[in-house]
Asks: 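Shown below is the structure under consideration.
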Amino acid sequence: SGASHNSTTAAIIPPSAARREVDVVVYGSTTSGLGVIRGLKMALARHPGRLTVALVSVAEALESPLVQGLCIEDDYDPGSITGFYQEFRTEVARYYEAMGIWPHERNGRLTYEPVVAQSVLESLVFNDAMLPERVRGRVDLVRVQGVLTEAADVDGDRHVVVTRPDGSRLRLDARYLVDASVEADLARMVGCRYMMGRSADVFDDVRGPRPPKPTRADLYAVSPQSLGCLVTLVSVPGGARPIEERDDWLAAQAAQGERWKMPEAVLAGFPQSWSM
C-alpha cells in the first residue's frame with residue numbers, strides 16, 4: 001500500500017485562465033479542507049451526477065498540521081476516532097506495518113513522519129484508487145494556489161477571486177463555498193459575524209464593526225489568544241550554528257538569566273537542526 005501513495009488526479013488551472021465555473025470552492029488545504037473533498041467523493045455513491053471542486057490554498061504544500069510536523073497523534077483515546085481521520089490513521093499504520101515497523105506508542109497513540117502523512121493524505125484525497133469503484137472519476141478536482149483577494153456569497157453572485165503567485169487574478173464562480181482556513185479568512189471576507197478573544201462584542205469585517213487592535217488598555221480583550229508565540233524555522237545550507245552560539249540567544253540569555261535557558265536534552269537532540 002505504501003507504494004501506491006504517489007499518483008494524483010488533481011488538475012492545475014493554467015495561468016492564462018482568468019475565470020472558471022466550479023460546483024464547490026474549498027478554501028484551505030487543512031485537514032478539514034481535505035476531509036471535505038474526501039467526503040464529497042464518498043457522497044457521490046448516493047448522488048447521480050458529477051462535481052467540479054476547486055481546492056484553493058496559499059501554498060503548494062498542504063496546510064494540514066499532519067504534514068507540517070505534528071508527527072504524533074494528539075488524541076489519548078484512539079478507540080474513539082472515526083471518519084476521515086480514522087482512514088488516515090489506518091493507512092499510516094498500514095504503511096509502516098508493511099515495512100515491519102510498529103508505529104504506535106504504548107498508550108496506542110500513532111507516531112509518523114510528515115512525508116508519510118503527506119503521501120497518505122494525497123492518496124486519500126487526490127487519488128481515486130482508494131475510493132469505492134462506483135464513485136471513481138466523478139469528482140473533477142482542480143488545485144489553485146494563491147491569496148484570497150475578493151469574495152461574495154449571495155444568490156446570483158457566489159465567487160472568490162484569487163491572486164496567483166505570478167500576480168494574475170483568477171475568478172472562481174461556484175454553487176457552494178467552503179471555508180476550511182485556519183482563521184476563517186473566507187467567512188470573514190463574505191461578512192460572517194464573529195466574536196474574538198474574551199470580548200462579548202460581535203464583529204463583522206464587511207458591515208462593521210471591525211475588531212480594534214488589542215492593547216494593554218483593555219487587557220488585550222480581543223486578542224485571539226492571551227499569549228501567542230511565533231516560532232520561525234529556517235533551513236541553513238550546510239547546517240545551522242548551535243543555538244547557544246547565536247547572537248540573539250546570548251542577548252536573550254543575558255537579559256533573562258536562567259529563565260531563558262533551554263534544557264540540555266533539547267540542545268543535544270537538535271545540535272545543528274534548528275534555532276529558536
Asks: Side chains of Gln86 and Thr90: donor-acceptor distance under 3.5 Å anywhere?
Replies: yes
Asks: Might you point out which heavy atoms bring Asp179 and Asp185 nearest each other, and give the distance in Å?
Replies: OD2-N, 3.6 Å
Asks: Counting N and O atoms only, with roles assigned by atom type, does the side chain of Ser29 sit under 3.5 Å from a partner on the main chain of Ser57, one being a donor and the other an acceptor?
Replies: no
Asks: When you measure from the side chain of Asp204 to the backbone of Pro209, do you find a donor-acceptor pair of N or O atoms at a distance under 3.5 Å?
Replies: no
Asks: Is it true that a side-chain atom of Arg143 and a backbone atom of Glu60 form a donor plus acceptor pair closer than 3.5 Å?
Replies: yes
Asks: Can you name the nearest heavy-atom pair linking Asp23 to Arg50, along with the distance?
Replies: OD2-O, 4.0 Å
Asks: Any side-chain donor-acceptor pair under 3.5 Å between Glu73 and His104?
Replies: no
Asks: Is Arg138 reaching over with its side chain to a backbone N or O of Leu44, donor-acceptor style, under 3.5 angstrom?
Replies: yes
Asks: Please find the pair of heavy atoms, one from Phe84 and one from Thr31, that lie closest to each other, and give the distance.
Replies: CE2-O, 3.7 Å
Asks: Does Arg171 pair with Asp157 as a salt bridge, N-O distance under 4.0 Å?
Replies: yes
Asks: Between Asp173 and Arg19, is there a side-chain N and carboxylate O pair less than 4.0 Å apart?
Replies: yes
Asks: Going by an N to O cut-off under 4.0 Å, is there a salt bridge joining Glu91 and Arg94?
Replies: yes
Asks: Between the main-chain N or O of Ala180 and the side-chain N or O of Thr30, is there a donor-acceptor pair closer than 3.5 Å?
Replies: yes
Asks: Using modelled atom types only, decide if a donor and an acceptor are shared between the side chain of Asp128 and the backbone of Leu131 within a distance under 3.5 Å.
Replies: no
Asks: Which of parallel (below 30°), tilted (30 to 60°) and perpendicular (above 60°) describes Tyr112 and Phe88?
Replies: perpendicular
Asks: Going by atom types alone, do Asp205 and Tyr194 pair a side-chain donor with an acceptor below 3.5 Å?
Replies: yes
Asks: Checking Arg188 side chain against Glu183 main chain: does a donor-acceptor pair fall under 3.5 Å?
Replies: yes
Asks: Shortest non-hydrogen contact from Gly108 to Arg89?
Replies: O-NH2, 2.7 Å
Asks: Looking at every heavy atom in both Glu97 and Pro103, which two are closest together, and how far apart are they?
Replies: CG-CD, 4.2 Å
